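All values reported here derive from a predicted model rather than from experimental measurement. Letters A, B, ... are given to chains in the order of the sequence lines, protein chains preceding strands, and every chain is numbered from 1.
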Amino acid sequence: MNSEERSLNFIEQIVETDIQNKKNKGLVYTRFPPEPNGYLHIGHAKSIVLNFGVAQKYGGKTNLRFDDTNPVTEDTEYVDSIQEDIKWLGAEWVGEARYASDYFEQLYQWAEKIILDGKAYVDDQSAEIISQQKGTPTQPGTESPYRSRSVEENLDLFRRMRAGEFKNGVKVLRAKIDMASPNMHMRDPIMYRILHAHHHRTRDQWCIYPMYDYAHGQSDYIEGITHSLCTLEFEVHRPLYDWFLEQIYTQETVRPRQIEFARLNLNYTVMSKRKLLELVNKKLVNGWDDPRMPTITGLRRRGYTPEAIRTFADRIGIARRDNIIDVGLLEFSIREDLNKKATRVMAVLDPIKLVIDNYPNGKEEWLETENNPEDESAGKRKIPFGRELFIERDDFMENPPKKYFRLSPGNEVRLKSAYIIKCVNVEKDENGVIKLIHCTYDEESRSGSGTEASKRKVKGTLHWVSAQHAIDAEVRLYDRLFNDPDPAGHKDVDFKEFLNPDSLTILKNCKLEPMLANAKAGEGFQFQRLGYFSVDKDSMPNNLLFNKTVGLKDAWAKEMVKE
RNA sequence: UGACCCAUGGUGUAAUGGUAGCACUUCAGAUUUUGGUUCUGUCAGUUAAGGUUCGAAUCCUUAUGGGUCAACCA
């Protein structure tokens, strides 16, 4: 509905211009280049939707490429999870997944060529010295004493680096560019370092590894990537990206171009892999797939759908200015999707017993109810009704405020898809806590019976579950993980200080309609009047586990806040 | 204190020299056997000052504010 009128984002505009100008023969080829050192999060989803979306829109293709040039932090666990998450999101990369490590030999050969061209040299200095010589953003650097080594010596040393003759950190290969450049990244950046480490794919084949700046652009080039999209912090790397490409570029091939866009920030959460890893390692959450995590796997376990995440990514747009998206927009997107799809069921999370005094003892009825009022094709089902029911504790008040139109003494409400009942009195325990609500029902008022009484309008409608038929379940409620809108944005306070102690609430005594006994892991439902809930992966038929995905909009709660 | 980038309602994002629009949010109302959904209405914006132009959110200058850059990480 909006696609025909939607204006182009700035990257699409660039792509269209390039196509018109027949740049790269009019091809569009993008890539999604995660480093396998962590799980994908919602920020990656933005990048995935962008990269795959742009290519698809213009008849192009997208590669998945693992940027695996640092064996110390990378692992196949991440390689697997990343592929699973991308597939789940519905993106399809062309052919097999690629790896920067597939190109190590080519990268090495090009490095020798650059040495031969006199544009790279082996430096014997320590990391500290090299760092000192880099200067600062306001002061130029100084040149390394090894900068003017002969080509022959450089080549010999570089080959011996590869051969494993040196220990970690003893030597590096540096590009010979400009130590006085105002751009720090151009001050003779390191191309290769020595790392005697086991790589998850190349195993012990290499003991020198290329740095990101050298590997990334060349990998783009090898794959024929036309538009290399990345986040804003790589902007200052672009001159270097171009410089490395310039060393090996030949006219007849595709010339990749790096374009930066603003990364996604969500309020009340953190989005850096480092911080997410810290939460996992310190067991402040229950793993990468904890439903409170902004990871793809966490959102999936929480009950988010790929469609909702994609629409969200679409809604937030692509631009070059820093942004902080309100999590409310993410929540809106999942509600919108689930509202169309989720079967409505009866579930009472905080049960209180109710007895209908004038309903025959031992009688049961199976009443018809619609599965989804938003989707007639979803059909109908029967739910059991009886003399004793559970309703939500919140749905009864002995002394209600004026606008309360749920159950209270002397007041009438409709039980959804069942009868109109009236509260006659309550029983309390010695502490004054209500333990049983006595009601009478209007026998003529059964939903759908067509009688005058069934058409009566009452203010409130409650969800309920038959006590005799109810099944038990554990339900996990989630709130935002952090109490602060920008937990990582405080210079003097660690982000973990803002963790919300109430981000997880476990409810053990929930009562569900019997049909839910067969619910399968990952399946999502709307618990009538409460919100959307999804079956946890650890759920068992005799130990049902639900995760709250998101609550329904709650006008009553809002009203109460105003008081 | 250098280089580079950015600046449109509360939050995002359009308008590509010619009527500042859309979404979320806010608020109000209608409908409703979910205080949901849907529908209608509503509040609210071009950082500032100069300049160019018949006309500037858009081009230029300056200021202000924000961001990025000094890993043998990506």
Side-chain angles (χ1 to χ4, degrees), chain A residues 2 5-10 13 33-35 37 67-70 72-74 123 126-127 130-132 134-141 168-174 181-185 187 189-195 208-209 211-213 215-216 230 232-239 260 262 267 273-274 315-326 328-333 335-336 339-340 344 369-370 373-374 403-406 413-418 420 445 447-448 454-463 526-531 551-559:
Chain A
N2 49 11
E5 286 300 324
R6 257 263 315 276
S7 51
L8 304 177
N9 65 50
F10 82 98
Q13 290 176 24
E35 184 190 11
N37 68 346
D67 228 335
D68 56 350
T69 57
N70 184 3
V72 179
T73 57
E74 295 155 7
D123 196 332
S126 69
I130 290 177
S131 165
Q132 281 166 22
K134 275 235 154 149
T136 69
T138 52
Q139 290 169 303
N168 285 359
V170 169
K171 287 181 167 36
V172 288
L173 182 71
R174 291 229 258 169
S181 169
N183 184 334
M184 297 286 291
H185 297 276
R187 322 241 262 226
I190 291 167
M191 292 171 66
Y192 273 89
R193 77 282 212 191
I194 299 170
L195 242 34
I208 56 171
Y209 291 89
M211 298 287 288
Y212 165 85
D213 285 300
H216 198 90
C230 63
L232 242 30
E233 64 268 27
F234 290 99
E235 183 173 14
V236 283
H237 295 243
R238 197 191 328 135
E260 313 86 21
N267 59 11
K273 273 199 267 185
R274 208 208 90 235
R315 272 194 177 107
I316 58 178
I318 300 292
R320 278 177 69 82
R321 73 187 88 117
D322 292 320
N323 60 82
I324 302 173
I325 307 286
D326 193 327
L329 189 61
L330 218 210
E331 293 175 347
F332 170 80
S333 300
R335 276 197 204 101
E336 177 188 54
N339 176 50
K340 291 181 297 196
R344 272 60 170 172
T369 189
E370 50 194 345
E374 303 299 311
K403 286 185 197 153
Y404 187 84
F405 36 84
R406 279 113 98 144
V413 294
R414 157 76 62 184
L415 292 175
K416 174 76 180 171
S417 300
I420 293 173
S445 66
S447 293
S454 75
K455 292 175 187 161
R456 272 172 56 212
K457 302 281 178 197
V458 286
K459 259 300 182 42
T461 301
L462 307 188
H463 61 280
Q526 186 197 94
F527 287 2
Q528 201 99 224
R529 298 208 307 134
L530 297 173
L552 256 26
K553 262 189 17 189
D554 191 344
W556 173 242
K558 209 179 270 182
E559 188 69 32

Distance-minimising heavy-atom pair for [X] and [Y]:
X        : Y        : answer
A/Arg315 : A/Leu329 : CD-CD1, 4.1 Å
A/Arg335 : A/Gly551 : NE-O, 2.6 Å
A/Ala557 : A/Asp554 : N-OD1, 3.0 Å
A/Ile420 : A/Ser445 : N-OG, 2.9 Å
A/Arg174 : A/Arg187 : NH1-O, 3.7 Å
A/Ser417 : A/Thr369 : OG-OG1, 2.7 Å

Value in whole Å for how far the [atom2] atom of [N] lies from [atom1] of [X]:
X        : N     : atom1 : atom2 : result
A/Lys455 : B/U32 : NZ    : P     : 14 Å
A/Ile318 : B/A14 : CD1   : C1'   : 14 Å
A/Arg320 : B/A7  : CZ    : C1'   : 13 Å
A/Arg187 : B/A70 : CZ    : C1'   : 7 Å
A/Ile194 : B/A71 : CD1   : P     : 20 Å
A/Asp322 : B/U68 : CG    : C1'   : 8 Å
A/Asn9   : B/A14 : CG    : P     : 7 Å
A/Glu235 : B/U68 : CD    : P     : 12 Å

If pairing requires Watson-Crick or G-U wobble contacts with both distances under 3.5 Å, which nucleotide is the partner of B/C4?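 Matched B/C4 with B/G67 under the 3.5 Å cut-off.
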
Worksheet item: Does B/U52 have a Watson-Crick or wobble partner in any strand here, with both distances under 3.5 angstrom, and which is it?
Response: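 Here B/U52 is not engaged in any pair, so there is no nucleotide opposite it.
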
With a 3.5 Å cut-off and just heavy-atom distances, do the side chain of [X] and the base of [N] make a donor-acceptor pair?
X        : N     : result
A/Arg406 : B/G35 : yes
A/Glu374 : B/G36 : yes
A/Gln526 : B/U34 : yes
A/His185 : B/A71 : no

[N] versus [M] - spacing of their [atom1] atoms, nearest Å:
N     : M     : atom1 : value
B/U26 : B/G66 : P     : 29 Å
B/A57 : B/A14 : C1'   : 11 Å
B/A56 : B/C5  : C1'   : 23 Å
B/G21 : B/U64 : P     : 33 Å
B/A44 : B/U52 : C1'   : 32 Å
B/G50 : B/G17 : P     : 25 Å
B/C43 : B/U1  : C1'   : 45 Å
B/U37 : B/C27 : P     : 14 Å

Once you apply a heavy-atom cut-off of 4.0 Å, does [X] come out as touching a base, just sugar-phosphate, or nothing?
X        : answer
A/Gly141 : nothing
A/Pro33  : nothing
A/Asn70  : sugar-phosphate
A/Lys457 : sugar-phosphate
A/Phe405 : base
A/Tyr404 : base
A/Phe234 : base
A/Ala319 : sugar-phosphate
A/Leu530 : nothing
A/Ser126 : base

Which nucleotide wins on minimum distance to the side chain of [X], given the candidates [options]?
X        : options             : value
A/Lys416 : B/C24, B/U33, B/G12 : B/U33
A/Thr136 : B/A70, B/U26, B/G12 : B/A70
A/Leu552 : B/A74, B/G36, B/C4  : B/G36
A/Met211 : B/U33, B/C69, B/C73 : B/C73
A/Ser7   : B/A14, B/C72, B/U33 : B/A14
A/Ile316 : B/G36, B/G12, B/C72 : B/G12
A/Pro137 : B/U11, B/C69, B/G36 : B/C69
A/Arg344 : B/U33, B/C24, B/G36 : B/G36
A/Pro373 : B/A74, B/G36, B/A14 : B/G36
A/Gln528 : B/G35, B/U34, B/C72 : B/U34

TODO: Could you pick out which residue, A/Glu35 or A/Ile325, lies toward the 5' side of RNA chain B when each is mapped onto its nearest nucleotide?
DONE: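 Closest to the 5' end, via its nearest nucleotide, is A/Ile325.
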
Quick one: on RNA chain B, does A/Asn168 or A/Arg529 contact a more 5' nucleotide (nearest heavy atom)?
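The residue whose closest nucleotide sits nearer the 5' end is A/Arg529.
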
message: Under a 4.0 Å threshold between the charged nitrogen and the carboxylate oxygen, would A/Arg320 count as salt-bridged to A/Glu260?
response: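 Salt bridge between A/Glu260 and A/Arg320, a charged N being under 4.0 Å from a carboxylate O: yes.
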
On the nucleotide [N], are OP1 or OP2 found under 4.0 Å from the side-chain N or O atoms that [X] carries?
X        : N     : result
A/Ser131 : B/A71 : yes
A/Lys273 : B/A74 : no
A/Lys459 : B/G35 : no
A/Lys553 : B/U34 : no
A/Arg193 : B/C73 : yes
A/Arg321 : B/A14 : yes
A/Thr461 : B/U32 : no

inquiry  = Does either side chain, that of A/Thr461 or that of A/Arg529, offer a donor lying less than 3.5 Å from an acceptor on the other one?
reply    =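 Absent: no donor and acceptor within the cut-off.
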
| How far apart are the C-alpha atoms of A/Met211 and A/Arg193, what are their side-chain angles, what is the distance that settles it, and do they pass the side-chain contact (heavy atoms from CB on, under 4.5 Å) test? | CA-CA 7 Å; A/Met211 298 287 288; A/Arg193 77 282 212 191; 3.7 Å; yes

Worksheet item: Does the aromatic ring of A/Trp556 sit over the six-membered base ring of B/G35, closer than 5.5 Å centre to centre and tilted less than 30°?
Response: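 So yes, this residue stacks on that base, both cut-offs being met.
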
